[in-house]
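Just below is one structure, and these are the notes that go with it.
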Amino acid sequence: MSRILISEIRNAEECPGDVLVKGWVRTRRDAKAFSFIELNDGSCVGNLQVVADATIPGYEDSVLPLRTGASVEIEGKVVASQGGGQKWEIQASAVRLVGNAEEDFPLQKKGHSMEFLRSIAHLRPRANLFGAVFRVRSRMAYAVHQFFQEKAFVYVHTPIITASDCEGAGEMFRVTTLDGKELDSGAEDFFGKPTYLTVSGQLEGETFACALSNIYTFGPTFRAENSHTSRHASEFWMIEPEMAFCDLDQDMSLAEEMVKYLVADALENCAEDLGFFNRFVDKGLVERLEFVRERDFARVSYTEAVELLISSGEKFEYPVEYGLNLQSEHERYLTETHFKCPVTVYNYPREIKPFYMRKNDDEKTVAAMDLLVPGIGEIVGGSQREERLDILRANLKEHDLDEKDYQWYVDLRRYGSVPHAGFGLGFERLLMFVTGVGNIRDVIPFPRVPGWAEF
RNA sequence: UCCUCUGUAGCUCAGCGGUAGAGCGGGUGGCUGUUAACCACUAGGUCGUUGGUUCGAAUCCAACCGGAGGAGCCA
């Protein structure tokens with residue numbers, strides 16, 4: 001008999017009959033003449049209730065010693081459950097104990113703190129919440145590819161080790177074989193120059209967009225900032241589409257369409273897991289996701305956003321003033337209080353944005369955009385790129401960057417330059433938004449944050 | 001890097017100046033178509049570390065270490 005997944009049994013309309021199931025014991029309850037075993041194999045949140053009669057072979061050796069966490073194989077017949085709480089249960093004909101769990105198995109049948117579960121990241125996928133999170137993570141990764149592939153975007157693998165310490169982006173992790181010696185010049189190092197883990201595949205992505213038209217990257221990204229918040233990790237995954245012959249407006253539309261698509265996909269394909277989050281993590285989750293799927297996102301220019309914040313009468317800790325960055329509290333006010341829906345803010349002052357963003361005709365702003373969602377803040381950041389050679393060169397100079405270091409990037413503007421645009425979407429931030437989980441460390445299998453790189 | 005909170009049994013926490021407690025988990029026994037099952041008994045802790053105040057410190061003070069939240073930066 002071949003193994004059947006518990007999800008298949010739980011979802012069955014018709015009785016599946018005789019089956020073989022394999023999984024891990026969540027709990028056992030003994031009656032006088034039989035035991036109940038709650039079995040989970042990770043295929044869904046729900047457990048399968050197994051009734052093991054004391055007369056079946058191996059009852060003493062394989063059922064009575066079972067502790068929470070043990071792995072078992074069970075053969076039996078699926079029958080309608082006599083008890084409430086589940087449609088089907090299994091009347092076992094044979095139970096084989098594959099590997100018992102030692103007495104100190106740390107996952108109990110009770111609520112644990114997220115902090116404790118992080119410390120046992122090798123076992124936490126066996127907890128309901130994390131099983132659900134990582135099933136959704138898998139599904140969302142699939143949906144990301146589906147979204148772009150349906151639009152004929154080309155998936156590009158940009159390098160993870162890079163020599164461009166550029167962009168004024170965050171701190172980078174140095175990649176070296178020198179072990180502490182001669183780090184600064186890098187001349188003696190493996191690549192003959194200093195190299196780092198990538199903070200973004202954007203610049204490389206642009207080169208491919210300027211050949212294949214529409215591309216996307218989806219891979220790991222590394223930031224060495226010493227940031228301690230629930231929204232930052234040192235290693236995370238980012239999705240970065242880049243489109244040739246594309247302006248900011250089309251860029252924003254794609255970002256909005258993508259967020260809606262992913263939310264809709266989760267609602268459609270992860271309903272049970274989302275239901276679990278809705279019960280135990282965030283009571284308003286499903287309603288909010290449905291809202292996001294149905295309604296248009298708001299769009300305001302940075303200038304309008306600043307005016308709106310000033311005239312709101314709201315007391316902010318940090319000042320709102322044209323030319324200053326929007327603070328977290330300002331972004332949250334916009335998306336959570338004022339619009340009560342996702343908001344795209346666009347056309348930011350040049351001074352607060354990087355060299356590669358396209359200067360607008362007003363000479364004061366650049367064609368940048370941030371997509372803000374309630375509860376998380378910025379989930380997408382993007383821009384139309386500066387495609388005009390002379391202006392890009394001037395920008396490099398203004399930002400005190402050496403054109404030599406960006407020669408290949410500048411080249412794109414010399415040979416068949418085109419207007420192009422793209423954005424970065426933080427995969428984990430999307431997952432936080434979709435699952436309602438409040439800490440980025442709990443949507444990454446083995447999170448890396450300052451001071452923590454276990455497992 | 002800065003600000004705030006926090007560190008007591010395997011887990012979740014109470015105790016907040018006078019010789020360490022509960023629930024859950026573990027072990028043993030009982031009961032029951034049970035479902036975070038229930039009942040009884042039992043084992044388990046140099047109260048984060050170091051120093052100080054005190055007759056006496058888990059409790060007060062200081063430093064350090066760990067954890068969490070927020071800010072900045074960003075995704």
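To find a chain, count down the sequence lines: A is the first, B the second, and so on, and within it residues start at 1. The model shown is predicted, which means the values in this text are computed figures rather than measured ones.
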### Pairwise C1' distance for B:U4 and B:U8, with rounding to whole Å
22 Å

### Query
Can you find a side chain N or O atom of A:Lys109 that sits less than 4.0 Å from OP1 or OP2 on B:U35?
no

### Task
Pick the C1' atom in B:G15 and in B:G45, then give their distance to the nearest Å.
14 Å

### Selected nucleotide, minimal atom distance to A:Tyr318 side chain, candidates B:U34, B:A71, B:A68
B:A71

### Message
Counting distance alone, no hydrogens or angles: does the base of B:A75 have a donor or acceptor under 3.5 Å from a partner atom on the side chain of A:Arg223?
### Response
yes

### Query
Using purine N1 to pyrimidine N3 plus N6-O4 or O6-N4 for Watson-Crick, or N1-O2 and O6-N3 for G-U wobble, both under 3.5 Å, which nucleotide pairs with B:U28?
B:A40

### Query
Who is the Watson-Crick or G-U wobble partner of B:C74, with both distances under 3.5 Å?
none

#### Entry: Sugar-phosphate only, base, or nothing, as touched by A:Gly424 at under 4.0 Å among non-hydrogen atoms
sugar-phosphate

### Heavy-atom donor-acceptor pair, A:Gln49 side-chain to B:U34 base, under 3.5 Å
yes

### Message
Check for me: is A:Phe34 stacked on B:G33 by the 5.5 Å centroid and 30° plane-angle rule?
### Response
no

### Message
By nearest atom, which of the nucleotides B:G25, B:G33, B:G69 is closest to the A:Ser81 side chain?
### Response
B:G33

### Message
Against the six-membered ring of A:Tyr322, is A:Lys364 placed for a cation-pi contact (under 6.0 Å from the centre, within 45° of the normal)?
### Response
yes

### Query
Under 4.0 angstrom, heavy atoms only, what part of the nucleic acid is A:Gln86 near: base, sugar-phosphate, or nothing?
base

### Summary
Taking for A:Asp30 and for A:Glu378 the nucleotide of RNA chain B with the nearest heavy atom, the one nearer the 5' end belongs to A:Asp30

### Task
Rounded off to whole Å, could you give me the CZ-to-P distance for the A:Arg26 and B:A37 pair?
12 Å

### Task
Report, as a single string ordered 5' to 3', how protein heavy atoms within less than 4.0 Å touch nucleotides 1-15 of chain B: B base, S sugar-phosphate only, - not at all.
B--------BBS---

### Query
If you find the nucleotide of RNA chain B closest to A:Gly84 and the one closest to A:Ile440, which residue's nucleotide is nearer the 5' end?
A:Gly84

### Query
Are A:Arg28 and B:U35 close enough that a side-chain N or O sits under 4.0 Å from OP1 or OP2?
no

### Query
So which nucleotide from B:G25, B:C74, B:C31 ends up closest to the side chain of A:Arg429?
B:C74

### Message
When the P atoms of B:A37 and B:G25 are compared, how many Å lie between them, rounded to an integer?
### Response
8 Å

### Task
Would you mind reporting whether A:Leu107 and A:Ile120 have side-chain heavy atoms less than 4.5 Å apart?
yes

### Query
What nucleic acid atoms does A:Ser230 come within less than 4.0 Å of, heavy atoms only: base, sugar-phosphate, or nothing?
sugar-phosphate

### Task
Look at all strands and tell whether A:Arg441 reaches a base, only sugar-phosphate, or nothing, counting heavy atoms closer than 4.0 Å.
sugar-phosphate

### Check: B:C31 base within 3.5 Å donor-acceptor of A:Arg29 side chain
no

### Inter-nucleotide C1' distance (B:U19, B:C47), Å rounded
14 Å

### Query
Is the A:Tyr406 ring parallel, tilted or perpendicular to the A:Tyr409 ring (thresholds 30°, 60°)?
perpendicular

## Note on the structure
Heavy-atom nearest pair, A:Ile215 first then A:Gly205, reads CD1-O, 3.5 Å

### A:Arg288 and A:Asp282 ion-paired at < 4.0 Å
yes

### Task
Rounded to the nearest angstrom, tell me the gap between atom CD in A:Glu235 and atom P in B:A75.
17 Å

### Message
Any salt bridge linking A:Arg118 with A:Asp442? Criterion: basic side-chain nitrogen under 4.0 Å from a carboxylate oxygen.
### Response
yes

### Query
Going by distance alone, is a donor N or O of one side chain under 3.5 Å from an acceptor N or O of the other, for A:His232 and A:Glu225?
no

### Whole-Å distance separating the CD atom of A:Glu103 from the P atom of B:G27
5 Å

### Task
Pick base, sugar-phosphate or nothing for A:Glu89, based on heavy-atom distances below 4.0 Å to the nucleic acid.
base

### Gap in Å between the two P atoms, one belonging to B:A68 and one to B:C11, rounded
15 Å

## Note on the structure
Out of B:A71, B:G33, B:A37, minimum distance to the side chain of A:Arg231 belongs to B:A71

### Task
Scan A:Asn439 against the nucleic acid and name what it touches under 4.0 Å (heavy atoms): base, sugar-phosphate only, or nothing.
sugar-phosphate

#### Entry: Watson-Crick or G-U counterpart of B:G33, or none if no pair lies under 3.5 Å
none

### Task
Please give the nucleotide sitting opposite B:A58 as a Watson-Crick or G-U wobble pair, both distances under 3.5 Å, or none.
none

### Message
Ring-plane angle category for A:Phe148 and A:Phe153, please: parallel below 30°, perpendicular beyond 60°, tilted otherwise.
### Response
tilted

### Task
May I ask you to decide if the ring planes of A:His338 and A:Tyr333 are parallel, tilted or perpendicular, using 30° and 60° as cut-offs?
tilted

### Message
B:A68, OP1 or OP2 - any side-chain N/O from A:Arg118 closer than 4.0 Å?
### Response
yes

### Whole-Å C1' distance, B:G17 and B:C64
24 Å

### Query
Where does the angle between the aromatic ring planes of A:Phe116 and A:His112 fall among parallel (under 30°), tilted (30 to 60°) and perpendicular (over 60°)?
tilted

### Message
When the C1' atoms of B:C38 and B:C65 are compared, how many Å lie between them, rounded to an integer?
### Response
43 Å

### Task
Sort out the partner of B:G23 for me: Watson-Crick or G-U wobble, both distances under 3.5 Å, none otherwise.
B:C11

### Summary
If pairing means Watson-Crick or G-U wobble with both distances under 3.5 Å, then the partner of B:G69 is B:C3

### Task
With the side chain of A:Asn325 defined as its heavy atoms from C-beta on, choose the nearest nucleotide among B:C73, B:A68, B:A75.
B:C73

### Task
Can you tell me, in whole Å, how much space there is between the C1' of B:G26 and that of B:U32?
22 Å

### Query
What is the ring orientation for A:Tyr216 with A:Tyr155, classed by angle as parallel under 30°, tilted 30 to 60°, or perpendicular over 60°?
parallel

### Nearest listed nucleotide, side chain of A:Ser328, among B:A75, B:G26, B:A71
B:A71

### Task
Give A:Ser119 one of three labels, base, sugar-phosphate or nothing, depending on what nucleic acid heavy atoms sit under 4.0 Å from its own.
nothing

